[in-house]
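Values below: every heavy atom of this structure, side chains too, minus hydrogens, waters and symmetry copies. In what follows, residues are counted from 1 in the order of the sequence shown.
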Amino acid sequence: MEFLGPDRRARRRRADQFPTSAPLRRLADENETASGPLAVLREYDRTHDINLVDTLRAWLDTFGDIPAAASLVHIHVNTFRYRLKKLAGIAGIDLDDPETRFSLMLQLRLFYPTAL
């Protein structure tokens, strides 16, 4: 999302700069855990000592801005692109589908509410 600052230049804001409402957090049952692609990625992260869930969160939080997302997770942009393709393949995620992106953003906020 872009907005014009006082110096009239466009600036980008990450999704986590907007407050997440408490009612959203209450949607998830305390005992409920993520399922589907996020569960697959979390398990892969655990067994392979990599952070694909963080990679996905960074990409979604920066609205697909790869240089900004790579900066959030402190890796080179090419490494970030590689991980993005890898996580899409591992979890069977279509990152071009807006419904999928929305679902993943919602699940990340419900089950993994801590920001990067």
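T55 places a side-chain N or O within 3.5 Å of a backbone atom of N51 that can act as its donor or acceptor partner.
To the nearest 0.5 Å, the span separating CZ on R109 from CG on L104 amounts to 11.0 Å. Annotation: the span from L38 atom CG to L106 atom CG amounts to 10.5 Å, rounded to 0.5 Å. Atom CZ of residue F63 and atom CZ of residue R101 lie 11.0 Å apart, to the nearest 0.5 angstrom.
Of the N and O atoms on the side chains of T62 and D65, not one donor lies less than 3.5 Å from an acceptor on the other residue. Residues T47 and E43 have side chains that never bring a donor and an acceptor to within less than 3.5 angstrom of each other.
Counting all heavy atoms, side chain and backbone alike, A91 lies closest to V40 at CA-CG1, 4.1 Å.
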Distance-only check: which donor-acceptor pairs under 3.5 Å involve side-chain atoms of residues 77-90, not counting sequence neighbours?
{"residue": "N78", "atom": "OD1", "partner": "R81", "partner atom": "NH1", "Å": "3.2"}
{"residue": "K86", "atom": "NZ", "partner": "Y44", "partner atom": "OH", "Å": "3.3"}

* To do: Please lay out, stage by stage, how D54 and D45 fare under the test side chain to side chain contact (heavy atoms under 4.5 Å, CB included).
  => CA-CA 10 Å; D54 288 343; D45 283 354; over 6 Å; no
* To do: Check step by step if side chain to side chain contact (heavy atoms under 4.5 Å, CB included) holds for L108 and D61.
  => CA-CA 10 Å; L108 282 167; D61 284 353; over 6 Å; no
